[in-house]
Structure formats: structure tokens, C-alpha cells
Enquirer: 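I'd like to ask you about the structure that follows.
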Amino acid sequence: MPDRRSLTTRLTVLFASVSTGVLLLLGLIIGILVEDHFEELDRVVLDAHIEHLRQALQKIHRVDDWAGLPAQMDATPHTAHDLSLIVVSPAGQTLFVRGSAAFPAKLLAVDADGQPTHRELQVWNDGGERKLRSIVARLETGEPTTPSVLAGAAIDIGHHQQFMRSFHVALWSVVSLAALL
């Protein structure tokens, strides 16, 4: 039986479908690129704080020098939302903490060579609704009893998530309106 819909109707449906598909694909690609951009920005901020920790830890040559670490780290400009830092000895003793994030033990674990098992950026939940992105590195000190430590830096990524929620609402609204038009 021949299709009784007019050519105009079929072309309109085809155009609306293709347009909707293209807009959805474009939105998906833009969303992925924005997420990648946020991750890269966070990596730069976290790496900068780990580097500042590295420089501060290299100035520690005696046990008494650990007392000056908070003052050195307070000289760091806060360039992140809710930045948290932690320094842990190889024995697991917390030597320095700044911020409110409670780093999970698995992020501060080391392998047989004393290297962090989680060296790449990690996203984790601090027990509440807050998500954090962090990085952990093994850093050297000049202090003989603690020649190396694990240092972690974490930032709250809630502002990124809020932006992405707003972006998705706007995207779905525009796609829906375009499909209806």
C-alpha cells in the first residue's frame, strides 16, 4: 500500500529528525569538551599546589622544620574552590592538613616501590553530597627521619557540576524547541 502522507509532511519529519539529531550530537560533543576543560583546569590548579608543597617540603631538614609548613602553605594563594591539602608519612601518620576534605585511605595507599597507587586525577565523594577531584604524589623532604611523604591536593568540583546541570537544562530546552519548530 502506498504511503499516503504528503511529500511535505515526510520532508518536515525528516528535517526535524535530522536537526534534532545534529543538535543532540553537537550538545554531547560540547558537553564532553567542557568536562575535559574543567578537568584540565583542575589538573593545573592541583599540580600547582603539589609543586608548592614540593618546594615547601624541600626546605624541611629537621623535625622542628615541620612546624613552619603551615605558614609556608598559607602563603599560597587559594586558586580553587575549597582546596584541601594533606601530607602523610610512609607510616601513615598525618603530618599536615589544610582544608576540610577527608581523603579516603585508598587514595593515600602506596605500592611496593612507595609510589602512590592512584597517581592520576581521581573524583570521589567525601561522604556527603560533595564531590572532589584530587591528585596524590610522592614528594621528597630534606629531613632524614622522613625522607619522602605522600602529598595530596583536592578541590571541590560542585561548581562544575552545577554548571553542567544548567548546561544540560539549556541544551534540552533548545533541542526540544528546535524539534517542535
Side-chain angles (χ1 to χ4, degrees), residues 1-54 73 76-86 88 97-111 113 115-139 150-181:
M1 177 170 249
D3 191 358
R4 299 216 182 253
R5 289 179 289 178
S6 72
L7 181 59
T8 304
T9 302
R10 285 185 278 165
L11 285 174
T12 301
V13 169
L14 178 64
F15 179 76
S17 300
V18 169
S19 297
T20 301
V22 167
L23 288 172
L24 284 173
L25 182 62
L26 183 62
L28 178 66
I29 291 169
I30 290 171
I32 290 169
L33 291 173
V34 169
E35 281 287 341
D36 287 348
H37 178 70
F38 284 153
E39 185 175 319
E40 186 58 32
L41 288 175
D42 292 345
R43 177 182 297 283
V44 168
V45 168
L46 292 170
D47 284 345
H49 285 285
I50 290 290
E51 182 56 32
H52 188 68
L53 261 175
R54 180 185 321 277
M73 295 313 298
T76 306
H78 291 277
T79 56
H81 294 284
D82 199 13
L83 172 72
S84 294
L85 300 170
I86 190 167
V88 181
V97 174
R98 177 167 140 196
S100 61
F103 283 78
K106 71 175 186 162
L107 290 181
L108 300 172
V110 294
D111 61 18
D113 296 329
Q115 295 296 327
T117 54
H118 297 285
R119 294 183 195 140
E120 294 300 315
L121 284 179
Q122 300 289 319
V123 175
W124 46 280
N125 190 314
D126 74 344
E129 292 183 18
R130 190 170 72 153
K131 284 207 182 263
L132 297 121
R133 184 169 282 136
S134 66
I135 193 163
V136 176
R138 180 179 164 194
L139 304 178
L150 279 182
I155 53 176
D156 186 344
I157 60 171
H159 58 288
H160 297 328
Q161 293 175 314
Q162 178 61 37
F163 175 84
M164 290 308 293
R165 280 191 292 272
S166 298
F167 172 77
H168 286 122
V169 166
L171 173 68
W172 283 109
S173 299
V174 168
V175 168
S176 299
L177 182 61
L180 285 175
L181 288 175

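Remember, it's a predicted structure, so these values are computed and weren't measured experimentally.
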Enquirer: If you apply the rule side-chain contact (heavy atoms from CB on, under 4.5 Å), what do you find for Val110 with Arg138, and how did you get there?
Expert: CA-CA 9 Å; Val110 294; Arg138 180 179 164 194; over 6 Å; no

Enquirer: Once you round to the nearest 0.5 Å, how far does CG of Asp42 lie from OG of Ser134?
Expert: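 Result: 10.5 Å between the selected atoms.
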
Enquirer: So, does His168 use its side chain to make a donor-acceptor pair with the main chain of Met164 at under 3.5 Å?
Expert: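 Present.
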
Enquirer: Measure the spacing between CD1 of Ile155 and NZ of Lys131 and express it to the nearest 0.5 Å.
Expert: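 Reported to 0.5 Å precision, the distance equals 14.5 Å.
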
Enquirer: Within the 4.5 Å heavy-atom criterion, are Ile157 and Glu39 side-chain neighbours or not?
Expert: no

Enquirer: Show, in sequence, the C-alpha distance, side-chain angles and deciding distance for Glu120 and Arg43, and conclude whether the side-chain contact (heavy atoms from CB on, under 4.5 Å) test is met.
Expert: CA-CA 9 Å; Glu120 294 300 315; Arg43 177 182 297 283; 3.6 Å; yes

Enquirer: For Trp124 and Phe103, take the angle between the two ring planes, folded into 0 to 90°, and tell me which bin it lands in: parallel under 30, tilted 30 to 60, perpendicular over 60.
Expert: tilted

Enquirer: Any donor and acceptor pair, going by atom type alone, linking the side chain of Asp111 with main-chain N or O of Asp113 inside 3.5 Å?
Expert: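 The answer is yes, because a donor-acceptor pair under 3.5 Å joins these two groups.
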
Enquirer: Pick one: which of Leu53, Val97, Val136 meets side chain to side chain contact (heavy atoms under 4.5 Å, CB included) with Ile86?
Expert: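 Looking at Leu53, Val97, Val136, the match for Ile86 under the side chain to side chain contact (heavy atoms under 4.5 Å, CB included) is Val97.
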
Enquirer: Using 0.5 Å steps for rounding, measure from the OG1 atom of Thr12 to the CG atom of Leu7.
Expert: 9.0 Å

Enquirer: Please output the side-chain donor-acceptor pairs of residues 18-31 that fall under 3.5 Å, not counting sequence neighbours, one pair per line with the distance.
Expert:
| residue | atom | partner | partner atom | Å |
| --- | --- | --- | --- | --- |
| Ser19 | OG | Phe15 | O | 2.8 |
| Thr20 | OG1 | Ala16 | O | 2.7 |

Enquirer: List the steps, then state whether side-chain contact (heavy atoms from CB on, under 4.5 Å) holds for Ile50 with Leu139.
Expert: CA-CA 9 Å; Ile50 290 290; Leu139 304 178; 4.2 Å; yes

Enquirer: Once rounded to the nearest 0.5 Å, what's the spacing between atom NE2 of His49 and atom CG of Leu83?
Expert: 4.5 Å

Enquirer: If every non-hydrogen atom of Ala101 is compared with every non-hydrogen atom of Ser84, which pair is closest and at what distance?
Expert: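 Heavy-atom minimum between the residues: N-OG, 3.0 Å.
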
Enquirer: Do the side chains of Pro104 and Gln122 get nearer than 4.5 Å, heavy atoms only?
Expert: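 Gln122 does not reach Pro104 side chain to side chain.
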
Enquirer: For the pair Leu41 and His160, evaluate side-chain contact (heavy atoms from CB on, under 4.5 Å) and give the outcome as yes or no after the intermediate values.
Expert: CA-CA 11 Å; Leu41 288 175; His160 297 328; 5.6 Å; no

Enquirer: What's the separation between atom CZ in Arg133 and atom CG in Asp156, rounded to the nearest 0.5 Å?
Expert: 11.0 Å

Enquirer: Locate the shortest heavy-atom distance separating Ala154 from Leu132; write the atom from each residue and the value.
Expert: CB-CD2, 4.3 Å

